Chemist: 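Okay, handing you the structure first.
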Amino acid sequence: MPVCAAQDQFAAAATAAGLHLERATAPWLNRQGHFALPDQCRDIIPILEQAFILLGGDQTAQRGKTRTPLPGDLMDPDRRIMIETDEVQHFTTHRLATLDLIPNGYPLGYDPAQYRRLCHTHHHKADNYYRRKNATGFGPGGRQRQRAYNDLLRDLAAPCMGWTLIRIPILDADGTRAFTDNTTRLTTTNQLHCS
């Protein structure tokens, strides 16, 4: 199945159910990551810095990126909800390490324990996905580490900026079923944010 096909199926199912979603983009969520977050996110910067170092990030390369918004999956701007549809490549050992950095009680729109279980179950396959692909800011073979960092960046920054971020795992490439299985959650989620 082509990249983003499950995401497109998910979006089509959401539209058919009456949700008005668009491609996610936010100027405060950009390619420089935690180096360019606004002041209201100052409390999460040490966590993101810890993750960046843990993942072998290159500060000079990361700061040298443009402040182009980091592309996301979907959002409902009226309800201030971002939706990330996570296929198997998101469930790496690197992602597991970043999940362990999230403070207990942090306002997430998904269950981090479920994501830890999915990482334990799928990391063998996920760890081989783009294993050798380079990524600016994370060097040779850094694409998996970059993805884990960007996922944590979204997890922590969205609530600080008054958005709820919902993560939907799609492990069978069936975006329509993923939407159907999560319809109640997607239509009844209240806004979560940092205090």
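From a predicted model like this one, the values you see are computed outputs, not experimental measurements.
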Chemist: Can you find a pair of side-chain heavy atoms, one from Leu186 and one from Phe10, that are under 4.5 Å apart?
Modeler: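 SC-SC contact between Leu186 and Phe10 confirmed.
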Chemist: So, the side chain of Arg80 versus the backbone of Pro77: is there a donor-acceptor pair under 3.5 Å, distance only?
Modeler: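 No: the side chain of Arg80 does not pair with the backbone of Pro77.
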Chemist: Is there a side-chain contact between Ile166 and Tyr110 (heavy atoms, below 4.5 Å)?
Modeler: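 With C-beta onward as the side chain, the pair stays apart.
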Chemist: Look only at the side chain of Asp76 and the backbone of Arg79, and say whether a donor-acceptor pair between them is shorter than 3.5 Å.
Modeler: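 Pair found, side chain donor or acceptor close to backbone of Arg79.
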Chemist: Distance from Asp58 atom CG to Ile53 atom CD1, nearest 0.5 Å?
Modeler: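 Atom-to-atom, Asp58:CG and Ile53:CD1 are 12.0 Å apart.
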Chemist: Name the one of Thr93, Thr98, Leu99 that satisfies side-chain contact (heavy atoms from CB on, under 4.5 Å) with Cys119?
Modeler: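 Only one option passes, and that is Leu99.
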Chemist: Please report, to 0.1 Å, the donor-acceptor pairs under 3.5 Å made by any side chain of residues 144-154, with sequence neighbours excluded.
Modeler:
residue, atom, partner, partner atom, Å
Gln144, NE2, Ala126, O, 3.3
Gln144, NE2, Asp127, O, 2.6
Gln144, NE2, Tyr129, O, 2.9
Arg145, NH1, Leu55, O, 2.9
Arg145, NH1, Phe138, O, 3.1
Arg145, NH2, Phe138, O, 2.8
Arg145, NH2, Pro140, O, 3.2
Gln146, OE1, Arg143, NH1, 3.1
Tyr149, OH, His34, N, 2.8
Tyr149, OH, His34, ND1, 2.5
Asp151, OD2, His90, ND1, 2.7
Arg154, NH2, Pro71, O, 2.5

Chemist: To the nearest 0.5 Å, what is the distance between OG1 on Thr68 and CG on Leu29?
Modeler: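 The CG atom of Leu29 is 12.0 Å from OG1 of Thr68, to the nearest 0.5 Å.
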Chemist: Who passes side chain to side chain donor-acceptor pair (under 3.5 Å) against Arg117, sequence neighbours left out?
Modeler: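 With neighbours one apart ignored, the set is empty.
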Chemist: Of all the heavy-atom pairs spanning Arg31 and Thr66, show the shortest one and how long it is.
Modeler: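 Between these two residues, the closest heavy atoms are CB-O, 3.5 Å.
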Chemist: Let me confirm one number: the CG-CZ distance from Leu108 to Arg167, rounded to the nearest 0.5 Å.
Modeler: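 Spacing of CG (Leu108) from CZ (Arg167) equals 9.0 Å.
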Chemist: Check whether any side-chain heavy atom of Ile83 sits under 4.5 Å from a side-chain heavy atom of Met75, and report yes or no.
Modeler: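 No, every pair of side-chain atoms sits at 4.5 Å or beyond.
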Chemist: Measuring from Asp100:CG to Leu54:CG, what's the distance to the nearest 0.5 Å?
Modeler: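 One gets 9.5 Å once the value is rounded to the nearest 0.5 Å.
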Chemist: Hey, does Glu84 have a side-chain heavy atom less than 4.5 Å from the side chain of Leu165?
Modeler: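 Contact flag for Leu165/Glu84 side chains = yes.
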Chemist: Kindly assign one of parallel, tilted or perpendicular to the pair Phe91 and Tyr115, based on the angle between their ring planes and the thresholds 30° and 60°.
Modeler: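 Rings of Phe91 and Tyr115: tilted, 30 to 60°.
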Chemist: What is the minimum heavy-atom distance between Ala178 and Pro169, and which atoms define it?
Modeler: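 So the minimum-distance heavy-atom pair works out to CB-O, 4.3 Å.
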Chemist: Might you point out which heavy atoms bring Ala157 and Cys41 nearest each other, and give the distance in Å?
Modeler: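 So the two residues come closest at O-SG, 4.2 Å.
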Chemist: So, does Lys65 use its side chain to make a donor-acceptor pair with the main chain of Thr136 at under 3.5 Å?
Modeler: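 Looks like yes, one N/O pair under 3.5 Å.
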Chemist: Provide the closest heavy-atom pair for Leu74 versus Arg23 in the form atom of the first, atom of the second, distance.
Modeler: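 Closest approach of Leu74 to Arg23: CD2-NH1, 3.6 Å.
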Chemist: Does any non-hydrogen side-chain atom of Ile170 lie less than 4.5 Å from one of Gln9?
Modeler: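 Not in contact.
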Chemist: Can Asp155 and Arg95 be counted as an ion pair, charged N to O under 4.0 angstrom?
Modeler: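 Salt bridge flag = yes for Arg95 with Asp155.
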Chemist: To the closest 0.5 Å, what do you measure between SG (Cys160) and CH2 (Trp28)?
Modeler: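 It comes to 9.0 Å.
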Chemist: Contact between Leu48 and Leu156 at the side-chain level, heavy atoms closer than 4.5 Å - yes or no?
Modeler: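 Yes, close enough: below the 4.5 Å cut-off.
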Chemist: What's the separation between atom CD1 in Ile47 and atom CD in Gln50, rounded to the nearest 0.5 Å?
Modeler: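 One finds 8.0 Å between CD1 of Ile47 and CD of Gln50.
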Chemist: Considering all heavy atoms of both residues, which atom of Phe52 and which atom of Gln59 are nearest to each other, and what is their separation?
Modeler: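 Smallest interatomic distance, heavy atoms only, reads CE2-N, 3.6 Å.
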Chemist: In this structure, would Leu171 and Leu96 fall into the same cluster of hydrophobic residues linked by side-chain contacts under 4.5 Å?
Modeler: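 Each belongs to a different hydrophobic cluster.
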Chemist: Hey, mind stepping through Val88 and His122 against side chain to side chain contact (heavy atoms under 4.5 Å, CB included) and telling me if it holds?
Modeler: CA-CA 7 Å; Val88 72; His122 298 284; 3.9 Å; yes
Chemist: Within the structure provided, determine whether Phe179 and Ile168 are in side-chain contact (heavy-atom separation under 4.5 Å).
Modeler: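 A side-chain contact under 4.5 Å is absent here.
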Chemist: Are the side chains of Glu87 and Asp172 in contact, using a 4.5 Å heavy-atom criterion?
Modeler: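 A side-chain contact is absent here, since even the closest heavy-atom pair is not under 4.5 Å.
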Chemist: Return the minimal non-hydrogen interatomic distance between Pro69 and Ala26, and the atom names on each side.
Modeler: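 Result for this residue pair: CB-O, 3.8 Å.
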